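Bear in mind that the values here come from a model prediction, so they are computed numbers and not experimental data.
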Amino acid sequence: QVQLVESGGGLVQAGGSLRLSCAASGRTLSYVGMGWFRQAPGKEREFVAAINWSGAITYYADSVKGRFTISRDNAKSTLYLQMNSLKPEDTAVYYCTKSHFNGAAVRAAEYDYWGQGTQVTVSS
C-alpha cells in the first residue's frame, strides 16, 4: 500500500510562486514514475507534469510549460512541483500520483495511487 500526502498549497497573488510537495510512504517509489494532475471547479482532472523514475525525463502540459518544474528526491521519497508566474487559471486542487511503471506518463490511466490533493488559489 502506498500513501501520498500533498502539502504546500495556499492562496497567492497572480505572478507569485508556490512549491508543492508530495511525501510518499508505504513502499519505495524510487523506481516508478510520478506525476501531478489538477482539477478546477466544474472541470475534469487534467495532466500537469510527469517525471520518470530517475528524474531525467519530464513532461509538462502546454499551459504550464516554462512556469512549472517537477522534480523528485528519491532518498526522501518526495515529489515536488515548483510553480512560478502563477495565473488565476492555475487555481485548482493539485494531486500527486504514482505511476505503475518507471516512465513519465501523461495519461491518468497510467497512474494507480493518488493523494488527497492540496488547494491552490491564485487571485488576480
For a 4.5 angstrom cut-off between non-hydrogen side-chain atoms, does [X] reach [Y]?
X	Y	result
Glu6	Trp36	yes
Arg19	Met83	no
Leu20	Val120	yes
Thr91	Gln119	yes
Arg38	Ser63	yes
Val32	His100	no

Lys/Arg N to Asp/Glu carboxylate O, Asp90 vs Lys87, below 4.0 Å: no
Transitive ILVMFWY side-chain link Tyr80 to Ile70, under 4.5 Å: no
Report yes or no: do Trp53 and Tyr111 belong to one cluster of Ile/Leu/Val/Met/Phe/Trp/Tyr joined by side chain heavy-atom distances under 4.5 Å? no
Classify the ring geometry of Phe68 against Tyr94: parallel below 30°, tilted from 30° to 60°, perpendicular beyond 60°. tilted
Distance (rounded to the nearest 0.5 Å) between Met34 CE and Ser77 OG: 9.0 Å
Would you compute the distance between atom CZ of Arg72 and atom OG1 of Thr58 and round it to the nearest 0.5 angstrom? 12.0 Å
Quick check on Tyr31: does its OH atom have over 12 non-hydrogen neighbours (other residues, nucleotides or ligands) under 6.0 Å away? no
